[in-house]
Participant: 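Quick one: this structure, given as C-alpha cells, is what I'll be asking you about.
Heads up: numbering here begins at 1 and tracks the sequence.
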Amino acid sequence: LQFTTDSLAAYYAYDENSRTFLVPCKFIPDSGIDPGIARMQIINEDHSDYNSIYTNRIWAGPPVINPNTDSSARALLPLNYFDSNNSEIQILDSNFDPTTIIGFPDTKISSNLMLKNDSLYCFSDAGNSERFLQKYNIETGDLTSAEFIGFSAAINSALLADIDKDSID
C-alpha cells in the first residue's frame, strides 16, 4: 500500500489504548482511484492496512477517538456523501469495525466532530443558509438537532470549551 502526505484528507487520530493511528485518506489525482472514495489507513505495531473503504463518501473532518474505554463506541468518522447532500457518522468498535451509522439526510457535516461526556456534536449545512447543531448521545442513541436561524456564515470548524470552568458546556 502506498501512503503519501498528499493523500491525507484530514488530521489523523491516535488511540492511546490500542496504540493505533487512524489516518483518513483521499483519492490521489491521476492514481486511478475514484474521487468519491474515502479510505482509512490503520497503523499500529502489527500492521498497516486500509481496512475501511467508503464508496461515494469523502471525509468531512478528522476521525475522533472516544477516550471512554468502557464504551463500545471507540472511533467516530465524519463522512459526507460525494454525490448528494447527505452525510453520516460511522461509529467503530475497539477492533475498528463499524457498529452504527448516524445519518444526516439533506445536510452535509460542515465542522469537525466534538466529543464530551458521551455526547457528540457537529455542525451541518443544508446548503440553503440553513445551519444545524447536531448532538448525538453515543450511549443512548438519542439524536437532537437545533437550527441556527438567521445565521448565514459558513461554519468550517468548531470548539467545545468549558470557558467558565464549571464543568458545564
Participant: Report yes or no: do I65 and L79 belong to one cluster of Ile/Leu/Val/Met/Phe/Trp/Tyr joined by side chain heavy-atom distances under 4.5 Å?
Facilitator: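 Both belong to a single hydrophobic cluster.
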Participant: Hey, could you give me each pair passing salt bridge (Lys or Arg N to Asp or Glu O under 4.0 Å) that has a residue in residues 132-141? Not counting sequence neighbours.
Facilitator: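 Listed once each, the pairs would be none.
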Participant: Testing the 3.5 Å rule here: is there a donor-acceptor pair between the side chains of D118 and N137?
Facilitator: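 No pair is found: no donor N or O on one side chain lies under 3.5 Å from an acceptor on the other.
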Participant: Following the transitive rule for hydrophobic clusters with a side-chain heavy-atom cut-off under 4.5 Å over Ile, Leu, Val, Met, Phe, Trp and Tyr, establish whether L113 and L143 coincide in one cluster.
Facilitator: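 Yes; L143 is reachable from L113 via cluster members.
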Participant: Tell me, please, which residues at least two apart from P105 pass side chain to side chain contact (heavy atoms under 4.5 Å, CB included).
Facilitator: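 Checked P105 against side chain to side chain contact (heavy atoms under 4.5 Å, CB included); matches are N86.
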Participant: Applying salt bridge (Lys or Arg N to Asp or Glu O under 4.0 Å), name anything that partners E16, two or more places apart in sequence or on another chain.
Facilitator: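 By the salt bridge (Lys or Arg N to Asp or Glu O under 4.0 Å) rule, E16 matches no residue at all.
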Participant: CZ/R74 to CG/N68 distance, rounded to the nearest 0.5 angstrom?
Facilitator: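 If I round to the nearest 0.5 Å, the distance is 8.0 Å.
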Participant: Which residue pairs pass the salt bridge (Lys or Arg N to Asp or Glu O under 4.0 Å) test with at least one member in residues 99-109, sequence neighbours excluded?
Facilitator: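 Sorted result for residues 99-109: empty, none.
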Participant: Apply side chain to side chain contact (heavy atoms under 4.5 Å, CB included) to M114 and L120, showing your working.
Facilitator: CA-CA 6 Å; M114 299 161 285; L120 179 67; over 6 Å; no
Participant: Rounded to the nearest 0.5 Å, what's the gap from CZ on F104 to OH on Y136? Could you check?
Facilitator: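 It comes to 9.0 Å.
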Participant: Quick one: ring-ring contact (aromatic ring centres under 6.0 Å, His included) partners of Y14, sequence neighbours excluded?
Facilitator: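 F21.
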Participant: Report yes or no: is the cationic atom of R57 (NZ for Lys, CZ for Arg) under 6.0 Å from the centre of the six-membered ring of Y81, at an angle within 45° of the ring normal?
Facilitator: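 Yes, cation above the ring, under 6.0 Å and within 45°.
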Participant: List the residues meeting side chain to side chain donor-acceptor pair (under 3.5 Å) with S124, not counting sequence neighbours, and say none if there are none.
Facilitator: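 If we apply the side chain to side chain donor-acceptor pair (under 3.5 Å) test to S124, skipping adjacent residues, the hits are Q134.
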Participant: Give a yes or no on whether a salt bridge exists between E45 and R19, defined as a side-chain N under 4.0 angstrom from a carboxylate O.
Facilitator: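 Salt bridge present between E45 and R19.
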Participant: Evaluate L115 against I138 for side chain to side chain contact (heavy atoms under 4.5 Å, CB included), listing each step before the verdict.
Facilitator: CA-CA 9 Å; L115 177 65; I138 60 176; 4.2 Å; yes
Participant: With distance as the sole criterion, is a donor-acceptor pair present between the side chains of T140 and D142 under 3.5 Å?
Facilitator: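 There is such a pair between these side chains.
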Participant: Out of curiosity, E88 CD to Y54 OH, how far, rounded to the nearest 0.5 Å?
Facilitator: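 If I round to the nearest 0.5 Å, the distance is 8.5 Å.
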